Amino acid sequence: MPSERHAPRPGSMAAAPSPAPTDGPASPRPRSGAEIRAAFLRFYEQRGHRPMPSASLIPDDPTVLLTIAGMLPFKPVFLGQAERPAPRATSSQKCIRTNDIENVGRTARHHTFFEMLGNFSFGDYFKEQAIAWAWELSTGVFGLAPENLVVSVFREDDEAEAIWRDTVGVNPKRIIRMDEADNFWASGPTGPCGPCSEIYYDFRPELGDDAIDLEDDTRFIEFYNLVFMQYNRDAQGTLTPLAARNIDTGMGLERMAQILQGVPNNYETDLIYPLIEAAAGLAGVEYRGLDEKGKTSLKVIGDHSRAVTQLIGDGVTASNLGRGYILRRLLRRVVRHGRLLGIDKPFLAAMGEASIALMGEAYPQLLERRAVILAELEREEARFLETLERGEKLLADVLASQPSQISGAQAFELYDTYGFPLELTEEIAEEHGLTVDVAGFELAMEEQRQRAKAAAVSIDLTLQEAIDQVAATAAATTFKGYEALEHPSCVLALVVNGEPATLAGAGDQVQLVLDSTPFYGEGGGQVGDRGVLLGGGDQTSVDAGVIVSIEGVSRNRSVFVHSGRIERGCVAVGDLLTARVDAACRRRAQANHTATHLLQAALKQVVDPGIGQAGSLVDFDRLRFDFHCPRAVTSAELEQIEALINGWIAEAHTLEVQEMAIEKAKAAGAVAMFGEKYADVVRVVDVPGVSMELCGGTHVANTAEIGLFKIVSESGVAAGIRRIEAVAGPAVLAYLNERDAVVKQLGERFKAQPGEIVDRVAALQDELKASGKALAAARGELALAKAAALADKAERVGDFQLLVARLDGVDGAGLQSAALGLADQLGEGAAVVLGGLPDPSDLGKVILVAAFGKAVIAAGQQAGKFIGGVAKACGGGGGGRPNLAQAGGRDGTALVGALRQAEQQLREQFGAALG
RNA sequence: GGGGAAUUAGCUCAGCUGGUAGAGCGCUGCGAUCGCACCGCAGAGGUCAGGGGUUCGAGUCCCCUAUUCUCCA
């Protein structure tokens with residue numbers, strides 16, 4: 001019986017390294033994961049920290065795929081990009097990391113999903129206070145004995161060492177200095193940074209203080225990391241002290257649980273072990289009875305089950321890119337390890353259930369999204385099982401050829417193209433006594449990486465360069481288009497024909513930067529405005545001396561770039577112009593944009609409240625909305641959505657657009673887009689009672705202005721993403737007119753009322769099919785009849801029966817069956833050559849067919865070769881099998897000669913064979 | 001964002017170096033049976049995903065598009 005321990009059992013701590021009792025506070029020492037989490041948050045809350053809820057695993061920061069650290073939600077604050085929510089904060093943040101996924105289950109403490117407890121100071125308290133509280137929490141609240149603790153400080157951080165030694169009273173021998181790699185934190189090459197200090201738990205203090213090696217993870221476990229953000233690093237690498245110094249800390253919840261529960265690794269804490277037990281139950285095994293390999297599989301399942309449940313809970317769906325791909329990979333690893341353990345039926349949903357049961361109390365959102373989570377798990381598992389089945393079949397084909405080993409290329413093809421895991425290929429190969437060329441596999445993988453890299457070069461046009469250059473130096477453009485469609489603007493910069501310039505004349509293609517503009521710059525899915533810039537004498541009319549037509553407006557950083565053409569006059573930097581937006585176009589874009597918001601709201605209402613935007617386009621005459629949805633939207637749902645939206649339009653809701661702090665907007669329930677970066681102050685577009693979104697676009701004042709909404713199509717763009725295209729406002733009329741014209745034309749063409757067209761076309765289709773068949777049958781019969789008449793004309797040459805004849809009005813297939821039929825009739829010595837015009841009125845197309853009997857082939861004649869030669873005379877070519885071949889040509893007038901020549905040739909050759 | 005692959009009858013899939021589109025299951029009818037299952041016979045069912053190209057001729061070769069699968073970032 002192994003001596004190691006599993007689920008924590010109170011009162012049986014003797015066998016494991018256990019924290020020495022201290023004279024702690026009256027409240028009982030925390031022990032379970034939930035107690036540890038609560039105790040940490042309570043400790044810091046009592047010390048003036050605002051408790052913050054865990055942020056989503058999907059970060060607001062578009063530069064990272066997932067929330068990988070407890071401080072990530074506060075990163076904008078540390079970087080000075082966002083206001084601090086409070087001087088001090090504390091949180092338990094869920095995190096996911098997959099960089100060394102291979103280590104999960106193999107080491108004691110690698111996780112994909114984990115929870116990070118943290119306390120943060122934003123320019124408030126600093127090093128001394130942070131260290132003191134960390135120590136008080138560790139020893140006082142968690143009851144860890146000082147003899148069991150070791151701290152590390154950065155090599156040059158004398159200040160921290162002094163605090164630990166003198167203020168806290170840590171044994172100097174148990175303060176270890178570490179290098180940058182371990183104890184200096186930075187979020188990037190430049191920006192805020194500073195030294196760290198960590199607290200380690202020592203499982204074997206009896207080994208003494210003299211040979212402390214913190215890298216030895218059988219003896220030590222790091223559980224608390226304190227980052228002292230005190231410098232700013234510039235591009236030259238120079239460190240300057242920060243005015244407002246920050247504290248960022250992290251305590252691994254799972255690690256503290258391992259320490260306090262006295263178990264040998266994180267997986268056997270109450271935060272994960274119930275999942276291991278659930279998986280073991282499904283496999284019909286006992287965790288403690290398994291070898292290392294089996295235990296590892298259970299640990300992987302336990303760890304990954306938490307991760308996938310949380311990921312789906314936060315709105316990630318499995319896909320082949322981005323975080324969806326991470327989710328898929330995790331899911332598939334769970335399935336694979338389940339199979340290794342002998343689970344032969346779908347079990348992911350059961351693991352999801354167990355995970356929700358385990359974490360639902362701390363994360364109630366999991367309970368709300370239970371159905372979605374389980375459905376996604378089931379769907380994805382089924383998909384993977386299909387992949388595996390297909391891969392096994394392909395591998396069986398490879399094995400059937402009895403190779404000496406599975407080549408790297410073969411293994412890689414299975415993996416790369418069919419998603420069949422290398423480990424499985426190895427496993428199955430082993431069962432057949434074969435090995436896999438893993439080195440070759442790695443090589444192929446590297447090649448594929450290189451290919452991807454080489455192809456990923458971006459296209460940089462010179463025009464873009466010039467614009468970038470101008471935009472980088474120009475001041476930010478002030479946007480006036482929310483309130484005005486016409487505005488006086490000053491030209492700040494010009495690009496003419498791709499080159500920066502100070503003057504542009506009539507006919508030039510130009511890009512202009514203005515100090516302020518009423519033109520909407522393309523962004524948030526909405527296209528840029530069109531319109532004109534007027535200058536010279538009368539700037540308010542088209543009689544103006546200068547006219548620049550603006551075809552589009554894009555944004556480059558905060559600069560609006562107006563692209564267009566100078567129609568009249570010339571423009572110089574510094575000119576004052578009147579910018580006038582094409583109001584009709586703008587109105588159409590606004591109708592489409594507001595309609596897009598209504599569409600999203602309707603989708604949430606009709607299909608799934610969890611639907612999230614995946615992309616959007618608002619043009620003048622249409623709108624396109626992409627969203628996450630695992631299945632197609634049914635036509636009934638589409639009708640419902642249309643009705644709902646047109647209802648909202650008819651209800652004439654007045655929009656309320658206002659700017660507010662992002663926190664306030666989110667609290668009010670405004671829909672923000674994942675991956676989109678927002679400023680502190682955001683614009684909220686509210687259709688009261690219907691939709692509230694963060695949006696910088698332009699909108700109608702009242703939904704009634706939209707007039708009408710019509711869905712044009714629903715389709716898929718990628719796995720898990722659907723697209724709806726629709727029209728709104730004036731564009732609907734154009735769309736309906738177009739459709740109406742088509743229906744009218746069809747009606748005239750088919751001599752039917754619009755309602756009868758479908759039946760009429762169906763009937764015509766049937767009729768067409770039937771007559772086509774009748775025609776084919778008649779042709780066949782005709783060919784046969786003509787052929788039968790030809791049979792008598794066969795000429796005997798020795799043992800051979802020679803028949804060369806012309807047969808017009810028969811297509812290729814008919815000619816072939818006629819030739820075959822005749823050859824059968826004439827026996828093994830038959831050499832039948834038929835030629836003709838499939839359409840006697842068309843001399844441009846000739847068909848030739850040859851059918852040779854066995855004896856003819858034996859005599860060295862092959863139909864394929866023979867007919868090719870014949871066809872040359874008709875300006876064509878051909879080929880086929882030895883017994884039956886077909887050829888074609890373009891010259892009908894040469895047919896007679898070609899047939900005569902063929903007959904001559906055969907007769908000679910047969911005569912020679914006789915000779 | 002960049003690779004690889006798939007798309008053929010209602011379903012699962014064959015179809016070789018271009019030369020008359022096939023199998024199994026399912027379906028319909030007939031036979032056999034008291035009846036059912038099994039079985040026997042016959043039959044229906046295909047714009048070979050769509051579009052363009054090469055060729056005398058394309059399911060097959062090339063390009064584009066769509067959808068699905070899959071790997072990499």
Side-chain angles (χ1 to χ4, degrees), chain A residues 65 98-99 318-326 328-329 332 380 382-391 393-394 397 409-422 441-442 444-459 632 713 715-723 765 768-770 772-773 776 779-780 783 810-821 835-838 842 844-851 862-865 867-892 894-895 898:
Chain A
L65 224 44
T98 55
N99 28 357
S319 75
N320 52 358
L321 31 98
R323 51 181 79 93
Y325 184 57
I326 289 176
R328 172 167 289 171
R329 237 174 17 191
R332 296 189 167 193
E380 192 57 20
R383 207 184 297 200
F384 187 46
L385 291 179
E386 275 172 30
T387 301
L388 288 183
E389 212 168 294
R390 187 178 48 178
K393 216 158 147 191
L394 289 165
D397 289 345
Q410 285 169 327
F412 184 70
E413 191 195 352
L414 281 169
Y415 176 73
D416 181 52
T417 304
Y418 300 102
F420 197 68
L422 175 65
F441 177 90
E442 296 295 344
M445 177 77 96
E446 188 49 40
E447 277 169 14
Q448 120 101 298
R449 279 200 196 101
Q450 291 305 327
R451 260 202 314 274
K453 216 183 231 175
V457 285
S458 56
I459 28 170
S713 75
S715 60
V717 267
I721 298 178
R722 308 295 303 178
R723 167 173 295 175
Q765 268 180 328
L768 184 66
K769 210 180 225 177
K773 267 185 191 167
R779 274 192 181 145
V810 180
D811 64 1
L815 217 54
Q816 285 201 17
S817 44
L820 263 187
L837 306 173
D842 178 10
K845 190 168 169 73
V846 178
I847 291 181
L848 292 157
V849 162
Q862 297 209 336
K865 286 181 184 160
I867 203 73
V870 178
K872 270 188 195 146
C874 303
R881 297 186 296 258
N883 66 323
L884 181 69
Q886 184 181 349
R890 294 184 191 281
D891 185 4
L895 179 59

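Only a predicted model underlies this, so the values are computations on that prediction, with no experimental measurement involved. A, B, ... follow the sequence lines: proteins, then strands. Residue 1 opens every chain.
For B:C69, neither phosphate oxygen OP1 nor OP2 lies less than 4.0 angstrom from any side-chain nitrogen or oxygen of A:R390. Proximity of A:T387 to the phosphate of B:U70: a side-chain N or O atom is located under 4.0 Å from OP1 or OP2. At least one side-chain nitrogen or oxygen of A:R328 sits closer than 4.0 Å to the OP1 or OP2 atom of B:U70.
B:C25 and B:G31 have their P atoms separated by 22 Å, with the value rounded to a whole Å. Rounded to a whole angstrom, the distance from the P atom of B:C69 to that of B:C63 is 24 Å. Remark: the separation of the P atoms in B:C39 and B:G45 is 25 Å, to the nearest Å. Only the P atoms considered, B:U65 is 42 Å distant from B:G26, to the nearest whole Å. Here the separation of B:C62 from B:G24, taken at their C1' atoms, is 34 Å to the nearest Å.
Rounded to a whole Å, the CD atom of A:E386 is 13 Å from the C1' atom of B:A6. Distance A:L385 CG to B:C69 P: 15 Å, rounded to the nearest Å.
Nearest approach of A:L65 to A:R323, heavy atoms of both residues: O-NE, 2.8 Å.
Among the protein residues, A:A885 comes within range of no part of the nucleic acid, since none of its heavy atoms lies under 4.0 Å from any strand. As judged by a 4.0 angstrom heavy-atom cut-off over every strand, A:G419 is placed among residues touching the sugar-phosphate backbone only. Nucleic acid contact for A:I847: none, since no nucleic acid atom lies under 4.0 Å from a heavy atom of the residue.
With a 3.5 Å limit on both pairing distances and Watson-Crick or G-U wobble geometry required, the stems of 3 or more pairs in RNA chain B span B:1-7 with B:66-72, B:10-13 with B:22-25, B:27-31 with B:39-43, B:49-53 with B:61-65.
Side-chain atoms of A:L820 lie closest to B:U20 of the nucleotides B:U20, B:A73, B:G3.
Along RNA chain B, the nucleotide nearest A:L414 and the nucleotide nearest A:K393 are compared for position; the residue whose nucleotide lies closer to the 5' end is A:K393.
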